[in-house]
J.: 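Here it is: the structure, laid out below.
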Amino acid sequence: MNVLGIDIGGSGIKGAPVDTESGKLLDDRWRIPTPAPSTPEAVAAVVRELVDHFSWTGPVGVTFPGVVVDGVTRTAANVDRAWIGLDARKLFGEATGLEVTVLNDADAAGVAEATFGAGRGREGLVAMFTFGTGIGSALIIDGVLVPNTEFGHLEIDGHEAESRASDHAREAHDLSWEKWAHRVQKYLEHIQMLMSPSLIIVGGGVSKKADKFLPLVDLKGTPVVPAALLNEAGIIGAALAAAGRG
Ligand code: BGC
């Protein structure tokens, strides 16, 4: 099945048609800067623009950087607060005239990595973390997603994890790779203590530079690997969810 996957991020909204059987993009990705403020109306207009760009008439999958339950966005840590309690599925559906599925951004990336990327064929508990503006999390057990885990907001030593260990924190506090890797290590040790995953996948834009920090992260007994699909994971996962494979 072919689905238009759209990934809503803090700085850009990206989309591409996806063949959900192979996980391959059927056309070049198209990116439009995220409007500021990122109000529901402004973001819906961009989603509409992407649909028009690809002259798309089929199903659409959209990621959102917050909790999504039955198409309703429940939190908005890094986007406009007007999203809280909003029926995003209805909003995007009306803006595009198409059938739209909405899910959390890290959940989408996790599903894509588990199906076609670094977690492919892995049994047991796979945990994926996206390090970006915040920290997104996805748990996949034997290929099935446990949605909306929100482990970026765990409190460790009195601090919210994403305020210390996100890629945004690295940039905002001008941390060296060593210092930041130490924070990532601490965060992942906490995760390992809580749930003993059989594999941890590290994603988000910073995973392109995995060689700079992953060699400094060592969780004895749990392999930690970089994401394989990089900035396509959200788009592919959104499409998989809309195809009923998420
Ligand atoms: C949000 C998550 C999201 C993550 C990455 C967090 O602040 O609460 O829902 O997955 O950022 O965007």
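Both counts, for ligands and for their atoms, begin at 1 and track the order of listing. Numbers for residues simply follow the sequence, beginning at 1. No experiment lies behind these values; they were computed from the predicted model shown.
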J.: Aromatic ring centroids of Phe151 and Tyr187 under 6.0 Å?
T.: no
J.: Going by atom types alone, do Thr63 and Asp7 pair a side-chain donor with an acceptor below 3.5 Å?
T.: yes
J.: Does even one non-hydrogen atom of Ile135 get within less than 4.0 Å of ligand 1?
T.: yes
J.: For Trp177, is the NZ or CZ atom of Arg170 found under 6.0 angstrom from the centre of its six-membered ring and inside 45 degrees of the ring axis?
T.: yes
J.: Do you see a donor-acceptor pair shorter than 3.5 Å between the side chains of Gln185 and His182?
T.: no
J.: Quick check on contacts: which atoms of ligand 1 are under 4.0 angstrom from a heavy atom of Asn104?
T.: 2 (C), 3 (C), 9 (O), 10 (O)
J.: Using a 4.0 Å cutoff against the non-hydrogen atoms of His153, which atoms of ligand 1 qualify?
T.: 1 (C), 6 (C), 7 (O), 8 (O)
J.: Would the Phe213 and Trp180 ring centres measure less than 6.0 Å apart?
T.: yes
J.: Checking contacts here: is it the side chain or the backbone of Pro65 that comes within 4.0 Å of ligand 1, counting heavy atoms only? Could be both or neither.
T.: both
J.: Please report the interatomic distance CG(Asp157) to NE2(His190), rounded to the nearest 0.5 Å.
T.: 9.0 Å
J.: Under a 3.5 Å threshold, yes or no: a donor from one side chain and an acceptor from the other, between Ser11 and Thr34?
T.: no
J.: Any chance you could measure Ile13, atom CD1, to Leu50, atom CG, to the nearest 0.5 Å?
T.: 7.0 Å
J.: Give yes or no for whether the N/O distance cutoff of 3.5 Å, strictly under, is met between Glu150 and ligand 1.
T.: yes
J.: Polar contacts were defined as any N/O atom of the residue lying under 3.5 Å from an N/O atom of the ligand; does this apply to Thr130 and ligand 1?
T.: no
J.: Going by the atom numbers of ligand 1, which of them fall below 4.0 Å from some non-hydrogen atom of Gly136?
T.: 4 (C), 5 (C), 10 (O)
J.: Residue-level breakdown please: for Asn148 versus ligand 1, do any non-hydrogen atoms fall below 4.0 Å on the side chain, on the backbone, on both, or on neither?
T.: neither
J.: Do me a favour and list the nearest non-hydrogen protein atom to atom 5 (C) of ligand 1 with residue, atom name and distance?
T.: Asp105 OD2, 3.5 Å
J.: Any atoms of ligand 1 less than 4.0 Å from a non-hydrogen atom of Glu162? List them with their elements.
T.: 6 (C), 7 (O), 11 (O)
J.: Does at least one non-hydrogen atom of Gly66 fall below 4.0 angstrom from an atom of ligand 1?
T.: yes
